[in-house]
K.L.:
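The structure is given below, and queries will be raised subsequently.
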Amino acid sequence: MPYRLSASLIAHSSDVRALSSPTNDLILSASRDATTIPWQKSTPDASFTPAFVLKAGSRYVNSVAYITPTSDAPKGYAVTGGQDTVINVFRLDAPRDDPDFSLIGHTENVCALDVTPGGTIISGSWDRTAKVWKNFTLSYDLKGHQQSVWAVLAVDEGQYLTGSADKTIKLWQQHKTVHTYEGHRDAVRGLALVADIGFASCSNDSEIRVWTIGGDTVYTLSGHTSFVYSLSVLPTGDVVSGGEDRTVRIWRDGECIQTLVHPAISVWAVSSMPNGDIVSGCSDGVVRVFSASKERWASEEDLKEYDAKVANTALPSQQVGDVKKSDLPGLEALNSPGKKPGEVKMINNGSIVEAHQWDSATNSWQKIGDVVDAVGQGRKQLYQGKEYDYVFDVDIQDGVPPLKLPYNVTENPFSAAQKFLESNDLPLTYVDQVVKFIEKNTAGTNIGSGSEEYVDPYTGASRYRSVPSAPLGSGSSYQDPYTGASRYTATTSSQSSEVVSQYMDPFTGASRYSGAPQPPASGVVAKILPVEKPITFLQANVSAMQGKLLQFDEALRNEISTSSLAMNPDELTKIEEAFNFLNAATATPRRQPAVTLAAVHVETIIQVLERWPSLQRFPVIDLSRLVTGFALEAFEVAPGLKEKFVEALFAASDWNAPWSLPLPKAKETNMLLLFRTLANIFQEKISLSGVWNLKILEYLSQAPYTSLNKNHRVALATILFNASCITLRTPVEKAFSDQLVSLILRVLELENTDSEAAYRALVGLGNFIYASKARKLLNVGQSGELVARIHKLPTTFPEERVQNVIQEIAALVS
């Protein structure tokens, strides 16, 4: 019998990212709504219902596993992992608000879990490691992958498999690598044991490979049309897979025997039950059970409703290929059987183009949606050497240079919005507004409703792509803990506002977008220089930052060797006051803080920075970023405080440690937060008295630019741009201006990959020249030198905004 829908389990409010179905009466589902739900049957014939809800925090839960019953836990344990980096273990017979065990060791998102029959836990993380936990304590660190570990699998009690975004799979004997399997062309996302053969793996390359433990590829399963996220194996030995093409596929003897299309964007997870039923978890937040046993099928009414949901979804033409309506056959074409499972046929049904997929299990064509056109403006636009259907100019605020938002209609709009915000160091709380703008002003049509789509701040919506290890000069794939890594992220609560104009700026609410379909420009280019307002990094999830800092402090306190590094009661009080201040300062609407931050709070931060280990410093440096952003006056009272603060920041970021690539993750993170803190220091109200400003520029001049990744470079260019804004407001010392111009020119000479860093540096140079010319400080010799340097700038960035600034600068010095 074919598989058909058995049940739809609805309780989660966001994507279901992971599943475990160890018995016929228990399903564990983990979701981005920060919960894990055990679904249970009271009797074999009953329906699945939520037994209770497990919630250890407010962050996404991305992985789940099950530990079989023990004398202490007669119903077993649920094991969960996610963005909070902690593995939480809950007893299922006596659930509590807090987990029974919390396993701390990973430093980034825990995205994969598996458990051996003996109760050993294997975890995989974006920190590029896997870990083995026995008796709820760490036994082994599995280090060797170059990128995130997306999949883990226990072969037996002493052997483990790990799959990574570095495109490899590794076999481990305890903590040693035994074998490395190569063959996938993109990130490895899932692993499953295949009896009598070895194991299967799936990847973002859309393929499934079946391997022997010795490393031979037995066969490759091709049929998915996009990323394959998850695998499971049925009791019969058939392989089950789920992926971004919204299908679950069942494979037997190297062939796809059935395709189950879902009314959702992504099938994130699949799991098999002992009775042969299949469980899927999707981006629409629904857990679905499919059965090949007719007695467990849903009612005929529910089956018709489900088929209608699938049939009524809209498919962009790009997903199924070019469509020329006049050449398509009519409904009569469905009388001919398909040639293979999953074959897609488009037919002309009056005014509608329909997509039908051949289901070999039922020997029938199944309608999977209506094909809609998705076209751009009718012409391609170039951005950074690539063609896009749209390139929007985005004014983020008055007086700040506009940013570029490229978009192709074949992209997921959430993914495009995510990339735009990350590349411009903007808070992810704006993602919904950006998506609304894209959807309003383009003709692309998405599958399902907008509410069913959700962006993963770490993987770029439903499309995680591995990034090759960065060579010298190209930056690295690492993203900062706020906008793209796993320490903590901006809150996911929507701050969206209604669209009040045709092209609303999601950041200011003003109607200042350009680049959407519009009348031809008049040929008049608006002046850019001078740009007077600095760019600040004020995005914040204060409670998450505070929780992480206190978690680290508690861990230091509980370890004998590090207990002396923990904060004393007075320091704890001052840090708590700082967070209370920031909670009020970042509230909407802003509240009046009960305590005003003063020099003593800055001194406390300096003390913690100076003694905490490198791996634990990032929330303290990030706290410094917000204190400089919201309470800069605290630095102005005590003489020499800014100098002391700057020295502590550079020391905390391991500035003087070796710069050999790849940079240690701790240094990479701390340096990014350092740069953002320094950018916040150069605000309009800052006093340049003292030598702190020269110290900053002196340190920055020591940095090997080619060792910095993209986020570092944009933040560094922002520091220089913000410093240039000060030169517009007040005269500066010659030593400061000379060092500033030297740094800007160095960035412009070395930057050849990121236009945003180059643009910010160019505007900074323009600001300085504008101020110098206004004060008649620019002599003929300097003008000639700058003209020569500008004309030598590489033509790497042909963007109009870059060329316009270069022309304005040339006019200023001519």
Side-chain angles (χ1 to χ4, degrees), residues 15-20 30 32 60-65 81-82 108-114 122-130 145-154 160-171 180-194 199-211 217 220-233 239-249 251 262 264-272 279-283 412 415 456 458-468 477 486:
D15 302 47
V16 176
R17 288 302 306 265
L19 294 167
S20 178
R32 282 178 171 162
Y60 296 166
V61 184
N62 292 320
S63 52
V64 68
E108 297 191 24
N109 176 45
V110 179
C111 54
L113 288 169
D114 196 28
I122 303 94
S123 57
S125 168
W126 290 357
D127 62 14
R128 306 183 186 186
T129 73
H145 284 294
Q146 300 304 306
Q147 294 191 39
S148 304
V149 178
W150 273 102
V152 295
L153 180 66
Y160 323 105
L161 287 164
T162 57
S164 169
D166 65 13
K167 309 175 188 178
T168 70
I169 303 163
K170 292 183 182 292
L171 175 65
T180 298
Y181 307 82
E182 297 180 347
H184 280 297
R185 303 184 306 279
D186 210 328
V188 179
R189 300 300 295 269
L191 297 166
L193 288 176
V194 179
F199 67 94
S201 60
C202 63
S203 166
N204 280 4
D205 63 12
S206 78
E207 290 191 342
I208 301 161
R209 287 175 173 258
V210 178
W211 312 73
T217 301
T220 299
L221 307 178
S222 299
H224 281 283
T225 59
S226 189
F227 306 161
V228 188
Y229 294 131
S230 182
L231 286 177
S232 188
V233 176
V239 176
V240 181
S241 59
E244 180 67 11
D245 59 4
R246 70 191 187 116
T247 69
V248 168
R249 296 176 187 254
W251 309 82
H262 287 59
I265 297 290
S266 312
V267 180
W268 289 115
V270 292
S271 181
S272 56
V279 188
S280 67
C282 297
S283 55
N412 183 315
S415 180
D456 183 342
Y458 305 121
T459 65
S462 54
R463 288 167 169 78
Y464 174 86
R465 284 195 181 277
S466 62
V467 183
S477 63
S486 60

K.L.:
So, using side-chain hydrogen bond (donor to acceptor under 3.5 Å, both in side chains) as the criterion, who are the partners of Ser271 when residues are at least two apart?
P.N.:
Ser21
K.L.:
Sequence neighbours left out, what passes ring-ring contact (aromatic ring centres under 6.0 Å, His included) with Tyr181? Give chain and number order.
P.N.:
His179, Phe199, Trp211
K.L.:
Looking only at non-hydrogen atoms, find the nearest pair between Val228 and Arg189 and report the distance.
P.N.:
O-CB, 3.5 Å
K.L.:
Measure across Gly81 and Leu113 and return the closest heavy-atom pair with its distance rounded to 0.1 Å.
P.N.:
N-CD1, 3.6 Å
K.L.:
Hey, mind stepping through Ile208 and Leu231 against side chain to side chain contact (heavy atoms under 4.5 Å, CB included) and telling me if it holds?
P.N.:
CA-CA 9 Å; Ile208 301 161; Leu231 286 177; 4.0 Å; yes
K.L.:
Hey, which of Val188, Leu153, Thr162 is the one that makes side-chain contact (heavy atoms from CB on, under 4.5 Å) with Ile169?
P.N.:
Val188
K.L.:
What verdict does the side-chain hydrogen bond (donor to acceptor under 3.5 Å, both in side chains) test give for His145 and Thr129, after you've listed the backbone C-alpha separation in whole Å, the side-chain angles of each residue and the deciding distance to 0.1 Å?
P.N.:
CA-CA 7 Å; His145 284 294; Thr129 73; over 6 Å; no
K.L.:
Strictly below 4.0 Å, N to O, side chains only: are Glu108 and Arg128 in salt-bridge contact?
P.N.:
no
K.L.:
Apply the test side-chain hydrogen bond (donor to acceptor under 3.5 Å, both in side chains) to residues Trp251 and Ser241: give CA-CA distance (whole Å), side-chain angles for both, the deciding distance (0.1 Å), then the verdict.
P.N.:
CA-CA 8 Å; Trp251 309 82; Ser241 59; 2.9 Å; yes
K.L.:
Would the distance check show the side chain of Asp205 and the main-chain N or O of Glu207 forming a donor-acceptor pair, the cut-off being under 3.5 Å?
P.N.:
yes
K.L.:
So His224 and Thr247, do their side chains get closer than 4.5 Å, heavy atoms only?
P.N.:
yes
K.L.:
Would the distance check show the side chain of Thr225 and the main-chain N or O of Asp245 forming a donor-acceptor pair, the cut-off being under 3.5 Å?
P.N.:
no
K.L.:
May I ask you to decide if Asp166's main-chain N or O and Ser164's side chain share a donor-acceptor pair within less than 3.5 Å?
P.N.:
yes
K.L.:
Give a yes/no verdict on a cation-pi contact between Arg32 and Tyr60, requiring under 6.0 Å between NZ or CZ and the six-membered ring centre and an angle within 45° of the axis.
P.N.:
yes
K.L.:
Take Glu244 and Ser266, measure what side-chain hydrogen bond (donor to acceptor under 3.5 Å, both in side chains) needs, and give me the verdict at the end.
P.N.:
CA-CA 5 Å; Glu244 180 67 11; Ser266 312; 2.7 Å; yes
K.L.:
Could you measure the distance from the CG atom of Asp15 to the CD1 atom of Ile265? Nearest 0.5 Å is fine.
P.N.:
10.0 Å
K.L.:
Side chain to side chain contact (heavy atoms under 4.5 Å, CB included), that's the test. Do Val248 and Val240 meet it? Break it down for me.
P.N.:
CA-CA 7 Å; Val248 168; Val240 181; 3.6 Å; yes
K.L.:
Evaluate side chain to side chain contact (heavy atoms under 4.5 Å, CB included) for Ser206 paired with Phe227, printing each intermediate quantity in order.
P.N.:
CA-CA 5 Å; Ser206 78; Phe227 306 161; over 6 Å; no
K.L.:
If we only count heavy atoms from C-beta on, is the Ser283 to Trp268 side-chain gap below 4.5 Å?
P.N.:
yes
K.L.:
Spell out, as yes or no, whether a donor-acceptor pair under 3.5 Å connects the side chain of Ser230 to the backbone of Val270.
P.N.:
yes
K.L.:
Should Asn62 and Asn109 be marked as a side chain to side chain contact (heavy atoms under 4.5 Å, CB included) after you check the CA-CA gap, both sets of side-chain angles, and the distance that decides it?
P.N.:
CA-CA 8 Å; Asn62 292 320; Asn109 176 45; 3.0 Å; yes
K.L.:
Nearest heavy-atom pair of Cys282 and Val267: which atoms, and what distance?
P.N.:
SG-CG2, 4.0 Å
K.L.:
Grab the two heavy atoms, one from His184 and one from Ser203, that are nearest each other, plus how far apart they are.
P.N.:
ND1-CB, 3.2 Å
K.L.:
Between His262 and Ser280, do the side chains contain an N or O donor and an N or O acceptor separated by less than 3.5 Å?
P.N.:
yes
K.L.:
Can you tell me how far the CH2 atom of Trp126 sits from the SG atom of Cys111, to the nearest 0.5 Å?
P.N.:
7.0 Å
K.L.:
Tell me the closest heavy-atom pair linking Ala30 and Ser63, and the distance in Å.
P.N.:
CB-O, 4.1 Å
K.L.:
Of all heavy-atom pairs between Val233 and Ala192, which one has the smallest distance, and what is that distance?
P.N.:
CG2-CB, 3.9 Å
K.L.:
Look at the side chain of Asn204 and the backbone N and O of Asp186, then say whether any donor-acceptor pair between them is shorter than 3.5 Å.
P.N.:
no
